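Please read these numbers as outputs of a predicted model, since none were measured by experiment. A note on names: the letters A, B, ... follow the listed sequences, proteins ahead of strands, and every chain is numbered from 1.
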Amino acid sequence: MPDPVIRAVGLSKEVMSGEAPLKILDDVSFDIAAGESVAIVGASGSGKTTLLGLLAGLDRPTAGEVWLGNRALNGLSEDARAALRQRWVGFVFQSFQLLPALTALENVMLPLELAGASDAGPRAREWLARVGLDARTTHYPKQLSGGEQQRVAIARAFSGEPQVLMADEPTGNLDGATGAEVAELMFRLNRERSTTLLLVTHEVTLAARCGRRLSLATGRLVGDERSGAVGGSTTA
Amino acid sequence: MLDTVRLAWRLLSRDWRAGELRVLIAALVLAAASVGTVGFFTDRVKGALTRQANLLLGADLLLSGDRPLPDQFMREARARGLAAVPAIKFNSMVQAAGGAGSAVLADVKAVTAGYPLRGAILLVDPADPAGKVARGVPAPGEVWIDSRLAARLGAQQGSKLAVGESTLTVGAIVQQDPEVTSGLLALGPRLMMNLDDVAATRLLQPGNRASYRLLVAGDAVNAFRDWAQAHLDRGQRVESIRDLRPEVRQTLDRAEQFLGLAALVAVMLAAVAIALAASRYLRRHLDAAAMMRCLGAPQRQILALFALQFFALGVGASVVGCALALGGQQLLVVLLSGVVSTDLPAPGLWPAVAAAASGLALLFGFALPPLFALSRVPPLRVLRRDLGLPRAGGWLAYALGAATIALLIAWQAQDATTGAIMIGGTVGLLAVAGAVAWGLIAFLRLLPQRGYSWRYGLANLRRRPLASSLQIGALGLGLMALLLLTLVRGDLLKNWRASLPPDAPNVFLINILPDQIDAMHALLQRELKADVALYPMVRGRLVAVNDVPVDSTRLTDARARRLAEREFNLSWMQEVPRSNRVVAGQWWKPGETGVMSLEDGIAETLGVKLGDVLTYDIVGTRVSARVANLRKVDWDSFRVNFFALYPPGMLQGLPTTYIAAARAPSNPAWLNGLLAQFPNVLAIDVGEMLQQVGAIVEQVARAVEFVFLFTLAGGVLVLEAAIAATQDERLYDAAVLRTLGASRRQLATAQLAEFLALGTLSGLVAAGGATATAYVLADRVFHIPFGWNPWLWAIGIIGGGLGVAVAGWLGTRHTLHQPPLALLRQFG
Ligand SMILES: Nc1ncnc2c1ncn2[C@@H]1O[C@H](COP(=O)(O)OP(=O)(O)O)[C@@H](O)[C@H]1O
Ligand SMILES: [Mg+2]
């Protein structure tokens, strides 16, 4: 087995809820290998977003370790984690999280520019074309439909050519048909780029397209199940 | 009810700790402080004026004229049982006897036994700092001088002074003289002498403008006043305590109006900040309000809850503002120490009330609409966060705020026109600045956008074009006010000085007698190696145009009325004088008579045309002449010029003095010698005069600058309020950028780029506005060459950019320290 791309070791997260501490993630451990597609499933409030946030270094765990590539995130400063994220991780959110002040193109250029790429413009344009939005480059997020916004977000996530794509309920805010289209796009790009996919969802069909499913219940890892299909080549 | 108060207090202290109220409080303090500073200051100056009112004339009534007053006034006053004493005021050069030391131009007041009828003269007493009351007036042969003149002459009690052709002994040093000008508006150094000594000085020549006075006091003074009013001739007037020295009053009213309106610009900017802060407050407290509604609180209680908090806030901030204003007005007094006496009464309570009322009115004017909205929040919001904001009442609700501002301005301006100009001016300036900013922002978009920080920063400006333009306008206004008072003022003065011809005369000699012409000419030739021309001068009053008597009261134009009241300097000449140009009609031929020449500006003011016949009264002799030509005069040349000129011969035999203008080295030795030889001559040193005026202008400008600092503070507050209002958006952006891998430095650069752009644009607007104003002032108002000052742009743009960058960075730096996931949860 190759070195894991992501490794979680005894991850726990406690938050203060009023006066008392509340454990929202409890001793979660797993490895994810390069090229795997993994669905994180569980009821609402089970800690999925929290887990994804910890894996991306967006927050610090109370206990345990996260490894991204072969670097441990724990010892790293906020800035160092951001730099690592820039090279390794693309992110797609349930509510798109585009910057409203920037056009579609500028949003996609952002990660490239942050990384100091000199050809940010052309590359971002290419990615917008790949998600089918070459005609909408100068439009602002609020001029785009939900599905279109999510496609911009996907282009933005892939434009930095990350090793890992993390998506937190990417179809959660979209209607069925649009959601299916967006999911299809994401899986296709993921296959083409052979990135590692980490997908938080509670949609059964979406989870089924992934090669592995991690189940959370009240902050604990309660299931780790693999199916033969990898990368969603079969449909249920 | 008590519960509501307690809850209001708890909510308020929580917001205070969270720093939610900072901008709101600062804006309120600023509004109260700027209104209070000006209020306290003018209150004190007015207080001084009123306190001196009964003394300031030295009498109950003062008659004055530019020629000796006819005896009938004194006779009538005494017949009515009133006390009446004459006095004369005029100017004279004063010098230590023997011609050693320099000569000083002084204000002379000649008085006689009985002066003053009201109040007292205080003399310096080494034993008592409060001084001692003088008994009587200077004896014949004696003068009393004020401490300034004593200092300039190095004179003390017993010194001998040359006054005109007399030598008089200093009998005392005057500490305070019952006249308003001594305490309030300092003019030249002063000398008091006995009326009986005046003739011997030979100073009262027709060229020396003197004011002949009659001081009157007693019970029946009002009846006498009415009688005198009916018997006044041209050039004579009556003043009483009732008039309270109208010109001083008027100057003070103007100053109060101007400073007050300058302070109001700051108040208007503070209002913008308050409106922004209040609407953010509304958004922040919606959830709490919704929850209280859900728990069954009636709208009324919620309204009371928040209104109580705002009231406490307003009162607290007003008190702080008033305290600051007390410090501020004292600073104004110090800054203006050369113009206004520092010995002022303590300020009254009224300005404090006005300042506090302004603060509270603003708060409620702009915060009430959002408060009403808050009380109407639907309780369902507890379940559905996205239910949306209740509308703050839209523009209509802000009408309350606008009305508050209009009221404040009307109160400060005290008349509708000034108020309207003021509102229109500020709103117009803001609108123009905003529109320019809008255009600049749009233009920036066309530029190639290199790098994410600029892209992001400029995108942030574009994203809220209205708010950005408002901020740029507000900051630009504050900066412009300061640029105008510092750089532009200096430029104008410098350019004016530079525009003077290098050989422009710097000394004027007036009051030269006909029998002194040859000796004077020879002396000037010897000392200055120059052939200095001496011009004859006759003083006369315009009495008729085309044989119709001039009735100055019928002239509507104030300037025309003043000109018609005054005595003109008339002269004669064969040739067109230098730096004059005939623009209409013909210059006279040798031997021509019965004609005259008029300066075209004064002809226009008086409504006189070519061919009209003007009649002047010259000490009782009437001289009529046809206006044969009109001249343009280059007054900036500083040469001797006359409004009215005649051919030689026409004014022969009338009382004449001569005037000369010369360019002389700054070394005054020759001048002292000249004045020793011709004691009746007055020397006016242009350089010294300009220096005195310059020093006063300097002080006044510094004081106004200080008031305009409030304006700049208002601009900064609008910036901070706008930053606070966009806080949530900024936090969200920071979280997204963080997620995409931006480092803290990259986040900071992006925000810095935004504020640098904002500040640079404000600086650009300010420099542009200041340059345009400078151009208008130079070209249209002062008629001097306009100088392009690159520093204006450099300082405006760099100063604006850096200043705003720092202010913006201070306001937003904490957005860099939040963990991204928590933020995304909050806004996702
Ligand atoms: N900062 C926090 N403070 C308090 N509770 C939190 C915080 N973050 C998350 N939680 C709680 O932790 C639990 C897990 O949240 P989350 O990871 O968002 O679940 P999921 O994404 O599976 O719906 C939820 O009950 C949530 O309310
Ligand atoms: Mg979630």
Side-chain angles (χ1 to χ4, degrees), chain A residues 13 15 49-54 56-60 77-103 105-118 120-121 138 140 142 153 156-157 159-160 162 166 168-169 172-173, chain B residues 385-386 441 444-446 448-465 467-468 726 728-751 753-754 757-758 814-828:
Chain A
K13 177 74 180 173
V15 292
T49 299
T50 307
L51 176 59
L52 205 63
L54 288 177
L58 293 175
D59 205 354
R60 289 175 192 271
S77 70
E78 187 80 45
D79 270 358
R81 276 184 280 138
L84 203 63
R85 205 154 49 228
Q86 195 178 82
R87 274 183 290 119
W88 280 79
V89 185
F91 231 106
V92 177
F93 302 90
Q94 178 174 359
S95 45
F96 327 135
Q97 315 279 37
L98 298 175
L99 291 191
L102 302 183
T103 61
L105 181 68
E106 289 169 342
N107 263 293
V108 178
M109 283 166 70
L110 210 50
L112 295 167
E113 287 182 312
L114 287 172
S118 56
T138 59
Y140 287 92
K142 59 170 178 274
R156 179 178 67 179
S159 70
M166 299 189 184
D168 188 2
E169 311 206 24
N173 274 6
Chain B
R385 289 287 314 273
D386 54 344
I441 293 172
L444 282 177
R445 197 175 174 175
L446 302 177
Q449 318 261 302
R450 312 258 359 130
Y452 76 96
S453 18
W454 280 111
R455 185 196 312 291
Y456 172 78
L458 298 184
N460 254 347
L461 290 188
R462 282 205 311 267
R463 166 188 193 174
R464 301 173 277 261
S468 300
T726 56
D728 295 348
E729 290 167 37
R730 287 174 195 283
L731 284 169
Y732 167 83
D733 284 8
V736 172
L737 282 164
R738 268 291 198 211
T739 309
L740 296 176
S743 68
R744 189 167 296 177
R745 234 182 82 124
Q746 284 174 314
L747 284 183
T749 344
Q751 292 200 337
E754 175 183 347
L758 196 72
H814 63 279
T815 57
L816 306 178
H817 300 280
Q818 311 275 337
L821 192 64
L823 291 171
L824 290 174
R825 267 186 205 288
Q826 186 181 342
F827 302 112

Salt bridge (Lys or Arg N to Asp or Glu O under 4.0 Å) pairs, two or more places apart, involving residues 733-747 of chain B: D79(A)-R738(B), R463(B)-D733(B)
Please find the pair of heavy atoms, one from A742(B) and one from A82(A), that lie closest to each other, and give the distance. O-CB, 3.4 Å
How far apart are the closest heavy atoms of Y732(B) and L98(A), and which atoms are they?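 What the structure gives for the nearest pair is OH-O, 3.2 Å.
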Under 4.5 Å from any heavy atom of chain A - which part of L737(B): both
Below 4.5 Å from any heavy atom of chain B, which atoms of [X] appear? Answer side chain, backbone, both or neither.
{"X": "S77(A)", "answer": "neither"}
{"X": "T103(A)", "answer": "neither"}
{"X": "F93(A)", "answer": "side chain"}
{"X": "R81(A)", "answer": "neither"}

Min side-chain heavy-atom separation Q97(A)-T739(B) under 4.5 Å: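 With C-beta onward as the side chain, the pair stays apart.
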Top contributor to chain B contacts, counting heavy-atom pairs under 4.5 Å, from A83(A), P100(A), P111(A), A56(A):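 The residue among A83(A), P100(A), P111(A), A56(A) with the greatest pair count is P100(A).
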Largest heavy-atom contact set with chain B, pairs under 4.5 Å, which of T49(A), L99(A), L54(A), D59(A): L99(A)
